[in-house]
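Throughout, residue positions are numbered sequentially from 1 according to the sequence presented.
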Amino acid sequence: MVSAAAPQPTVRLSDYRPYPFRIPAIDLNVVVGDALVTVTAAFQVEPMDAVASTAMELRGVDLELVSITIDDQPLPQEAYSLTGGGLVIRNPPTQPFKLTTVSRLNPKTNTSLEGLYVSGGMLTTQCEAEGFRRITFHPDRPDVLSRFRVRIEADRQRYPVLLSNGNAISVEPLADDPSRHVAVWEDPFPKPSYLFALVAGDLREIRDHYVTASGRDITLRLHVEAGDEPYTAHAMASLKRSMSWDESVYGLEYDLDEFNTVAVRHFNMGAMENKGLNIFNSKLVLADAESATDGELERIESVVGHEYFHNWSGNRITCRDWFQLSLKEGLTVFRDQCFTADLHSEPLKRIEDAAMLRNTQFREDAGPTAHPVKPDAYQAIDNFYTTTIYEKGAELIRMLRTLLGPERFMQGMRLYFKRHDGEAATTEDFVTAIVEGASSDGQSLGFDPDQFRRWYHQAGTPRVTVSSQWNGEDGRLTLTLEQITAPTPGQPEKLPLVIPVLWAAIRPDGRPGKEHLLVLDQQRQTLVVEGLPPAVQPPVLSLFRNFSAPVTWDAAQSTDDLFALFAGDDDAFARWDAGQQLWKQLMLARAAGTPALALEARMLEALRQLLSQQGENDPAVLATLLAFPGQAELEALQTEADPPALERAACELREHFGSQLASLLQARLDAVASGLEQVWPAGQGERQLTGVIWSWLAAAGDTTARLSSVAAVNGASMTLARSGLRALQPLDCPERDQALKAFHDRWQERPVIFDTWFALEASTPRTDALERVAALLEHPKYDPMAPNSVRAVLGGLVGNPRVFHALDGSGYRFMAEQIIAVDQRNPITASRLAKVFSRWRTYGIERQAAVKQALSVLSDADLSTNTREVVSLMQA
Ligand code: TRP
Ligand code: ZN
């Protein structure tokens, strides 16, 4: 038996060597027995070097090798050896040969949710990044591409549905045992092992079809557990929208005869783009307006799109090695962001993404697990499925578009998809293709591509300082910009990056000026703008419009300027951001116990304007302007991060503005009431605004708002139900318990939705909250094998600042113990959870000491490579 061995050594980008063998074709025979699964793998192998024999290394984890032959001849014992992580064949032939291994594995004891495992009675797989080695002996690296033919044999009753990648060739009863059947699948496109998938189970099928632009009729099959069929329409519709979007925007069509999607309850991440057989966390498939919020419906649509778009950005063009992960993830996030923007609101999507980047990626970049979009070393690759690889990676591509303009950028994209189709490529290949494609018009680029590439290698969030000088008589504006990136672990020195700065000067009459692109590529740079309308007052600057770069900035803008932008900048992002800067000042002051009274009074006035009849009339925009900055962003601005104080500040401000603005808020509530029942995506803004107003009014003690919030839990819209719960959650009032109980009673039979109840319970501030969290882990509906449940409870606890950050360290200790327990069964989920401690060095001294203890409890435990890597970084 080969099992997971000693900690893996560090893997380095600089050590990359091509695999010395090609494996153009793989035949897999997967025989599902009562307890064990037997896999016979026949590889067609072509040595690269036809002269000297090179040892052939294959990976294998938790596999029992039954037999191994070369060209059908058993391999003698001394010709190979089984090592910790696999199998080495010492002197394989130098001419093409056939390698056949037979191995056995036990999917029932596999709790890692990698490789082949059981979820609710069905067999399913997850191979990215390195799960294929738990299915059969194989190099299991993304630069080895093979055509797969898969035969699956299993009991007909227990496993009526047998799926794998590609096109279905046949399904037939087994000749000599009619209680069993056999399915054969063939995938004509060579693919790396991480895109392999297999599903066997008792699933119900929802079938539809899609006709491509060139007229090919594709069968779309969605597979769910019995009883879940009514909740599949949204995912299916999202898939068709994705197929059509990729055709119309990128000219990319689907390439197989059928497209399968399976919903799985036990899944480590969101979803997986296996060729022709996408596998989804069931929470990202099963949804309708009654059981999912507007936000969740949009997220499902975007993840369905994301996985579908991977068919080209990831599958047809894959990654040479895992250091190139952002090649497929950054690009596919960029594509799914554009998809959502095109289908819904481009400016609001941009604001959502900017807020998310600031609160997750900026936090990662500022802590011990900071790494570049293209890392140069790792221990466990699973730890690098991060917001830096995904979302910052997408920002780099977006900056290329901003720098080149949309047309030239698309020329580059077209070249990329054409040039590298069928290959395992690198991020350098990508940038080169974009630059060459864009330059095909003979025009200069407008920036230095080599300098731009630094973005891929340099971790940390750059900070830009902007100062300006105004000559009012001549209308001359002098802007000085300076960029600096703070050191990150292992990268003390930083070089200047290419930063696109979209900006505009608001005219004296308040009208927006022309938008300019400034390419900041020096450490310090000065720009003189002539010909602005002369005026005494300097123009108000609208900076980093549309969030043109993933940076922070300090422009020392006056309160007057910020309120002017907040009232009416024509760039939605810059307008929202001006408000965010003001909210930040207000919240930080409240958190410090010294409310900024004058500024609060001005904000009150600004909000009165905004809420008045002549104010903002798009409810979604209004709700967005009223949304507070995220906790993580605020923590980063405190000298000593104090999450409970920030939570208190938010409560106080809701109460304050809720009571001061009660009648205007009530009027707005009445104005949107008639739109609440519209079917998504219609009515989103109305519901979003209703939620914000409920939370403000409920905080201010308004009984009607509290009662509406409770009533919503039993209503027809999950969006309103959850808004009601969110409004009541911070308040210690009887309505809160009524609402939580109603939610519990209504949804207890639907595990995917009931996870929300776990999260709500765990994040409700109560004096006995920690005991309640511990009790949730013993709840009969809590499933410790489902990462969704684990994250609901433990993530919920983290979202309960007073409890998680209790000064006595009880929250931290509890979390450390739970991470150790989760790590025993599921290292991927455990190591992601361990990152909750990553900001500990910014806390006050007492909390630092408490986290330090929790980390040493963790570190003394017998941890997986994944969790060990994260804990060590945090202790360093
Ligand atoms: N490639 C997947 C995506 O971006 C991510 C993923 C799904 C994954 N499951 C995983 C990554 C398991 C690591 C481990 O959609
Ligand atoms: Zn992805």
Any residue meeting ring-ring contact (aromatic ring centres under 6.0 Å, His included) with H344, in chain and number order, not counting sequence neighbours: W680
Listed partners of P784 passing side chain to side chain contact (heavy atoms under 4.5 Å, CB included), at least two apart: Y782, R825
For Y308, all residues meeting side chain to side chain donor-acceptor pair (under 3.5 Å), sequence neighbours excluded: none
Going by heavy atoms in the side chains, are V118 and M122 under 4.5 Å from each other? no
Which residues pass the salt bridge (charged side-chain N to carboxylate O under 4.0 Å, His left out) test with D217, not counting sequence neighbours? none
Can you sort out the partners of Y117 under ring-ring contact (aromatic ring centres under 6.0 Å, His included), two or more places apart, ordered by chain and number? none
Salt bridge flag under 4.0 Å for residues E395 and R350: yes
The criterion is salt bridge (charged side-chain N to carboxylate O under 4.0 Å, His left out); which residues satisfy it with D382, sequence neighbours excluded? none
Sort and list the pairs that fulfil side chain to side chain donor-acceptor pair (under 3.5 Å) and have at least one residue in residues 136-149, not counting sequence neighbours. Y16-D143, R133-D140, D140-S193, R141-D143, R149-E186
Could you check whether R216 pairs with D257 (Lys NZ or Arg NE/NH1/NH2 to Asp/Glu carboxylate O, under 4.0 Å)? yes
Residue pair R750 / Y231, side-chain heavy-atom distance below 4.5 Å: yes
What pairs with A168 under side chain to side chain contact (heavy atoms under 4.5 Å, CB included), at least two apart in sequence or on another chain? W185, E258
Hey, are H310 and T332 close enough side-chain-wise for a donor-acceptor pair under 3.5 Å? yes
Counting the benzene-type ring for Trp, do F132 and Y194 have ring centres under 6.0 Å apart? no
Should the pair D755-R265 be classified as a salt bridge under the 4.0 Å nitrogen-to-oxygen rule? yes
Indicate yes or no: at least one non-hydrogen side-chain atom of P787 is less than 4.5 angstrom from one of N826. yes
Does the pair Y159 and L123 meet the rule for a side chain to side chain contact (heavy atoms under 4.5 Å, CB included), with working shown? CA-CA 9 Å; Y159 305 105; L123 281 175; 4.1 Å; yes
Verify the neighbour count for atom CZ of R299: are there more than 12 heavy atoms of other residues, nucleotides or ligands below 6.0 Å? no
Quick one: does NZ or CZ of R335 land under 6.0 Å from the six-membered ring centre of Y250, within 45 degrees of the ring axis? yes
Can you tell if the side chain of L256 reaches within under 4.5 Å of the side chain of I218, non-hydrogen atoms only? no
Please find out if less than 6.0 Å separates the ring center of F409 from that of F334. yes
Tell me whether E57 at atom CD has more than 12 heavy atoms from other residues, nucleotides or ligands lying less than 6.0 Å away. no
Strictly by salt bridge (Lys or Arg N to Asp or Glu O under 4.0 Å), give each pair with a member in residues 35-48 just once, sequence neighbours left out. R22-E46
N165 side-chain N/O to L195 backbone N/O, donor-acceptor pair under 3.5 Å: yes
Would you mind listing every salt bridge (Lys or Arg N to Asp or Glu O under 4.0 Å) that reaches into residues 275-284, with sequence neighbours excluded? D255-K275
Listed partners of Y210 passing ring-ring contact (aromatic ring centres under 6.0 Å, His included), at least two apart: none
Step through it carefully: locate the ring centre of F754, locate the ring centre of W747, and say whether they are under 6.0 Å apart. no
Enumerate the residue pairs fulfilling salt bridge (Lys or Arg N to Asp or Glu O under 4.0 Å) with a member in residues 161-184, sequence neighbours excluded, ordered by first and then second residue. E153-R180
